[in-house]
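The structure appears below as structure tokens.
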Amino acid sequence: MRILIVEDETTVNKTLSEGLNEFNYQTDSAENFKDGDYYLDIRNYDLILADWMLPDGNGLELIQKAKVNNPKTAVIILSARDDKESEIEALEAGADDYIKKPFDFDILIARIKARLRFGGSNVIEIDDLSINPQEEKVVYKSKEIELKGKPFEVLTHLARHRDEIVSKEQLLDAIWEEPELVTPNVIEVAINQIRQKMDKPLGIQTIETVRRRGYRFCYPQKNNEE
């Protein structure tokens, strides 16, 4: 599960990132609106933690873009504003939850888990294929497929962007924590594992290679008959 943190207080940002990593969440951190907006352009997130007041904007402005990119992304606004009107404004703007500063980290984690369970990214269902990002599980015609780690994340990302061509660079930025430290060949390895563990045994095709451009999720194959 990937979480974007947009918080301008460096200490709070670092504490959130390190704490969430201990709970096995992958995190990206931004300390201003511009960087948060950049991350939303290149990656999909299960949940966003956004401070209301940022040096170059506010967290509420990120909500709409996040929801356009992925309607199932949950957004939790963090704010020092403790008045009822501010909380109502945030929720009416599209926030899924509102947490007042200072907050207890254990309570924050519980709220995150609840939001991901009930309002975050849910199961991707395409015909007989089901991809559950939360449980890292793939099911085809009631049969569970053993696909974990990066190959699962690549499959999930491409399924979320089905009908789009996704380049290797986009996949690296979206999935790997430090994409600059790995080579594009890791994408080929992940794609090959998907084909070996899933496509070939099941007799289906989920991903097609688009020469010199990248990959496209192609399940189910379109019927070309007139």
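What you are looking at is a predicted structure, and each value in this text was computed from that prediction instead of being measured.
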Check: Can you hop from F23 to L78 via hydrophobic side chains spaced under 4.5 Å?
Finding: yes
Cut-off 3.5 Å, no hydrogens considered: what does the side-chain donor-acceptor table look like for residues 138-154, sequence neighbours left out?
unit_1, atom_1, unit_2, atom_2, d
K148, NZ, E136, O, 2.7
K150, NZ, I175, O, 3.4

Margin query: My understanding is that only residues two or more places apart in sequence, or in another chain, count here; which of them pass side-chain contact (heavy atoms from CB on, under 4.5 Å) with L181?
Written below: E178
Note to self: When you group the ILVMFWY residues by side-chain heavy-atom contacts below 4.5 Å and let the links chain together, are V189 and M198 in the same group?
What the structure shows: no
Check: Roughly how far, to the nearest 0.5 Å, is CG of L20 from CG of L49?
Finding: 6.5 Å
Check: What is the minimum heavy-atom distance between R111 and I99, and which atoms define it?
Finding: NH2-CG1, 3.9 Å
Notebook entry, point to check: Is D82 salt-bridged to K100, cutoff N-O under 4.0 Å?
Noted result: no
Next item on the list: For residues D96 and T73, report the shortest heavy-atom separation together with the two atoms involved.
Entry: OD2-O, 3.8 Å
Next item on the list: For L60 and W52, run side-chain contact (heavy atoms from CB on, under 4.5 Å): C-alpha distance rounded to whole Å, both residues' side-chain angles, the deciding distance at 0.1 Å, then the answer.
Entry: CA-CA 6 Å; L60 300 191; W52 183 315; 3.5 Å; yes
Margin query: Could you tell me if the side chain of L62 sits less than 4.5 Å from the side chain of V75, heavy atoms only?
Written below: no
Next item on the list: For residues 62-117, pull every pair meeting ring pair (Phe, Tyr, Trp, His ring centres under 6.0 Å), keeping only residues two or more places apart or in separate chains.
Entry: none
Note to self: I need the full list of salt bridge (charged side-chain N to carboxylate O under 4.0 Å, His left out) pairs touching residues 187-208, with sequence neighbours left out, sorted by first then second residue.
What the structure shows: K168-E188, E208-R216
Margin query: Please enumerate all residues that pass side chain to side chain donor-acceptor pair (under 3.5 Å) together with S29, with sequence neighbours excluded.
Written below: N13
Notebook entry, point to check: Looking at CG of L4 and OG1 of T27, how far apart are the two atoms once the value is rounded to the nearest 0.5 Å?
Noted result: 9.0 Å
Check: If you round to the nearest 0.5 Å, how far is CZ of R81 from CE of M53?
Finding: 5.5 Å
Margin query: Let me check something: do L91 and I88 share a hydrophobic cluster, defined by ILVMFWY side-chain heavy atoms less than 4.5 Å apart, either directly or through other members?
Written below: no
Notebook entry, point to check: Which atom names give the shortest non-hydrogen contact between L54 and D8, and what distance separates them?
Noted result: CD2-N, 4.1 Å
Item checked: Test salt bridge (charged side-chain N to carboxylate O under 4.0 Å, His left out) applied to E31 - qualifying residues, sequence neighbours left out -> none
Item checked: Spatial distance of atom CG (D106) from atom CG (D104) [nearest 0.5 Å] -> 5.0 Å
Check: Quick one: salt bridge (charged side-chain N to carboxylate O under 4.0 Å, His left out) partners of K101, sequence neighbours excluded?
Finding: E7, E9, D51
Next item on the list: Measure the NZ-CD1 distance between K137 and I131 for me, rounded to the nearest 0.5 Å.
Entry: 13.0 Å
Item checked: Residues forming a side-chain contact (heavy atoms from CB on, under 4.5 Å) with T15, sequence neighbours excluded -> T11
Note to self: Nearest 0.5 angstrom please: S17 OG to Q26 CD, how far?
What the structure shows: 11.0 Å
Margin query: Does either side chain, that of N21 or that of E18, offer a donor lying less than 3.5 Å from an acceptor on the other one?
Written below: no
Note to self: Please evaluate residues Q205 and Y219 with respect to the criterion side-chain contact (heavy atoms from CB on, under 4.5 Å), reporting the C-alpha separation (whole Å), side-chain torsions for both, the decisive distance (0.1 Å), and the verdict.
What the structure shows: CA-CA 6 Å; Q205 182 182 5; Y219 178 84; over 6 Å; no
Next item on the list: Taking side-chain contact (heavy atoms from CB on, under 4.5 Å) as the test, write out the residues that go with N24, two or more places apart.
Entry: none
Check: P184 and L172: which non-hydrogen atoms are nearest, and at how many Å?
Finding: CA-CD1, 4.1 Å
Check: So which heavy atom on I63 is nearest to which on A95, and how close?
Finding: CD1-N, 3.6 Å
Next item on the list: Sequence neighbours left out, what passes side chain to side chain donor-acceptor pair (under 3.5 Å) with S86? Give chain and number order.
Entry: D83
Item checked: Contacts of D41 that satisfy side-chain contact (heavy atoms from CB on, under 4.5 Å) - sequence neighbours left out -> D37, K65
Note to self: For residues I194 and I165: do they belong to one hydrophobic cluster (side chain heavy atoms under 4.5 Å, members Ile, Leu, Val, Met, Phe, Trp, Tyr)?
What the structure shows: no
Next item on the list: Please report the closest heavy-atom contact between I48 and A66, naming both atoms and the distance.
Entry: CD1-CB, 3.4 Å
Margin query: Do V210 and I191 sit in one hydrophobic cluster, given that two such residues count as connected whenever their side-chain heavy atoms are within less than 4.5 Å of each other, even indirectly?
Written below: no
Check: Quick one: which of Y38, Y45, Y39 gives a side chain to side chain donor-acceptor pair (under 3.5 Å) with D28?
Finding: Y45
Item checked: Y25 and I5: CA distance, side-chain angles, deciding distance, side-chain contact (heavy atoms from CB on, under 4.5 Å) verdict -> CA-CA 12 Å; Y25 293 113; I5 302 165; over 6 Å; no
Next item on the list: Using the ring pair (Phe, Tyr, Trp, His ring centres under 6.0 Å) rule, collect all pairs that involve residues 159-217, keeping only residues at least two apart or in two chains.
Entry: H157-H161
Check: Taking the side chain from D97 and the backbone from I76, do they hold a donor-acceptor pair closer than 3.5 Å?
Finding: no
